[in-house]
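Below: one structure, written as structure tokens.
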Amino acid sequence: MPQFASYLSSFQTDPRIKIPIRVAYIGPYSDYKGFFEFIKLPSLLADNRFEFHVYGSNETVSLPKTIKNHGRFSSDEMDDIYNSIDIIVVPSLCKETFGFIVEEGLSYNKIVFASNNVGAKDLLPCDHVFNGMIDLANKIKHLQFDSCNKSHAIKTIAEHYNEIYEIYSIKGV
């Protein structure tokens with residue numbers, strides 16, 4: 001695990017990254033959404049520098065002690081919730097066309113990982129798309145925060161406009 005140690009040491013020196021690293025699932029507490037897969041993640045990462053959170057339902061579910069259940073939240077709380085998360089995991093087991101969690105996470109400049117079943121995975125770098133929880137745990141262990149913070153954020157309309165304007169200005173169209 002030496003690579004894991006060097007990866008985590010970057011958190012110690014990067015002022016943007018705070019320990020514990022907060023990993024979250026947002027959505028219904030349903031099998032098809034991968035909720036019960038997500039709750040396996042603490043044992044796969046097995047490192048106390050990570051903190052695990054779930055948001056989205058007031059259902060009573062049995063969770064490992066390493067996961068904090070925040071339950072359902074309102075849209076008024078969204079800013080606070082996303083600002084309290086470092087990594088968002090979208091572990092859907094069913095094929096999905098396009099959900100909101102990936103886009104919301106990116107819009108808050110969060111690191112997002114999605115299973116290969118999620119249509120919005122196309123917005124993510126390929127090393128943020130996973131096939132099973134062991135694959136996800138390995139990707140999180142080898143994550144380099146400085147290479148993915150803000151570089152994969154959703155662009156604003158103004159940024160898109162400027163890019164399109166530049167493209168057409170260069171081509172003289």
Side-chain angles (χ1 to χ4, degrees), residues 1-31 33-93 99-115 118 120-121 124-125 127-130 132-153:
M1 253 199 217
Q3 290 178 344
F4 188 40
S6 66
Y7 144 76
L8 284 175
S9 68
S10 70
F11 293 113
Q12 306 291 349
T13 58
D14 188 335
R16 299 171 297 180
I17 309 306
K18 305 287 184 227
I19 301 289
I21 301 155
R22 299 154 305 177
V23 182
Y25 167 92
I26 301 172
Y29 299 178
S30 304
D31 189 44
K33 286 292 199 175
F35 173 77
F36 295 101
E37 292 298 303
F38 177 81
I39 64 176
K40 297 174 186 175
L41 194 55
S43 64
L44 293 171
L45 287 172
D47 190 300
N48 63 4
R49 289 174 270 199
F50 291 98
E51 193 176 88
F52 299 89
H53 302 265
V54 294
Y55 298 85
S57 179
N58 288 332
E59 284 181 55
T60 302
V61 291
S62 178
L63 294 173
K65 292 178 182 176
T66 53
I67 298 178
K68 182 168 183 184
N69 184 358
H70 297 273
R72 194 169 204 134
F73 61 93
S74 71
S75 58
D76 294 339
E77 300 171 282
M78 224 158 102
D79 287 347
D80 290 337
I81 289 169
Y82 276 96
N83 289 328
S84 72
I85 296 170
D86 299 310
I87 299 173
I88 298 168
V89 176
V90 184
S92 291
L93 298 176
F100 291 113
I101 302 301
V102 171
E103 295 87 337
E104 288 171 354
L106 292 173
S107 74
Y108 282 90
N109 291 322
K110 299 302 167 182
I111 295 167
V112 180
F113 286 92
S115 78
V118 177
K121 72 182 179 300
L124 301 174
D127 59 341
H128 288 214
V129 178
F130 63 91
M133 297 311 286
I134 293 172
D135 185 34
L136 171 62
N138 288 330
K139 288 177 185 241
I140 290 174
K141 287 176 185 178
H142 297 99
L143 178 68
Q144 296 295 319
F145 265 78
D146 55 348
S147 68
C148 58
N149 268 359
K150 298 191 181 194
S151 63
H152 300 293

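In this chain, residues are counted from 1 in sequence order. All values below were derived from every heavy atom in this structure, side-chain atoms included, with hydrogens, water molecules and symmetry-related copies excluded. Source: prediction; values computed, not measured.
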Quick check: do Ile140 and Ile21 have side-chain heavy atoms less than 4.5 Å from each other? no
I want to check something: taking the side chain as every heavy atom from C-beta on, are Asn138 and Phe130 in contact at a cut-off of under 4.5 Å? no
Side chain to side chain donor-acceptor pair (under 3.5 Å) partners of Asn83, counting only residues at least two apart: none
Tell me if a side-chain donor or acceptor on Lys141 pairs with a main-chain N or O of Leu45 at a distance below 3.5 Å. no
Would a distance-only check, ignoring hydrogens and angles, find a side-chain to backbone donor-acceptor pair under 3.5 Å from Lys110 to Ile85? yes
List in chain and number order the residues that pass ring pair (Phe, Tyr, Trp, His ring centres under 6.0 Å) with Phe52, two or more places apart in sequence or in another chain; answer none if no residue qualifies. none
Checking Leu41 against Met133 for the side-chain contact (heavy atoms from CB on, under 4.5 Å) test, could you report, in this order, the C-alpha distance in whole Å, the side-chain angles of both residues, the deciding distance, and whether it holds? CA-CA 7 Å; Leu41 194 55; Met133 297 311 286; 4.1 Å; yes
Backbone of Gly71 reached by a side-chain donor or acceptor of Asn58 within 3.5 Å: no
So which atom in Ile88 and which in Gly105 form the shortest heavy-atom distance, rounded to 0.1 Å? CD1-CA, 3.6 Å
Set of side chain to side chain donor-acceptor pair (under 3.5 Å) partners for Ser115, sequence neighbours left out: none
Would you say Ile134 has more than 12 foreign heavy atoms packed within less than 6.0 Å of its CD1? no
Name all residues meeting the side chain to side chain contact (heavy atoms under 4.5 Å, CB included) criterion together with Ser84; count only those two or more places apart in sequence or in a different chain, and write none if there are none. Arg22, Tyr55
Could you give me the CA-CA distance, side-chain angles and deciding distance for Asp86 and Ile111, then say whether side-chain contact (heavy atoms from CB on, under 4.5 Å) is met? CA-CA 6 Å; Asp86 299 310; Ile111 295 167; over 6 Å; no
Which residues share a salt bridge (charged side-chain N to carboxylate O under 4.0 Å, His left out) with Glu37, sequence neighbours left out: Lys40
Taking side chain to side chain donor-acceptor pair (under 3.5 Å) as the test, write out the residues that go with Ser74, two or more places apart. Glu77
Listed by chain and number, what are the side chain to side chain contact (heavy atoms under 4.5 Å, CB included) partners of Pro64, not counting sequence neighbours? Ile39, Thr66, Ile67
Answer yes or no: are there more than 12 heavy-atom neighbours, outside Phe73 itself, under 6.0 Å from its atom CZ? yes
Could you walk me through whether Val129 and Val118 satisfy the side-chain contact (heavy atoms from CB on, under 4.5 Å) test, starting with their C-alpha distance in whole Å, then the side-chain angles of each, then the deciding distance to 0.1 Å, before giving a yes or no? CA-CA 9 Å; Val129 178; Val118 177; over 6 Å; no
Minimum heavy-atom distance Ser57-Asn69, with the two atoms named: O-OD1, 4.1 Å
NZ-CZ distance between Lys33 and Phe38, expressed to the nearest 0.5 angstrom: 15.0 Å
What residues form a side chain to side chain contact (heavy atoms under 4.5 Å, CB included) with Asn48, not counting sequence neighbours? none
Could you pull out all residues at least two apart from Phe35 that satisfy ring pair (Phe, Tyr, Trp, His ring centres under 6.0 Å)? Tyr25, Tyr29
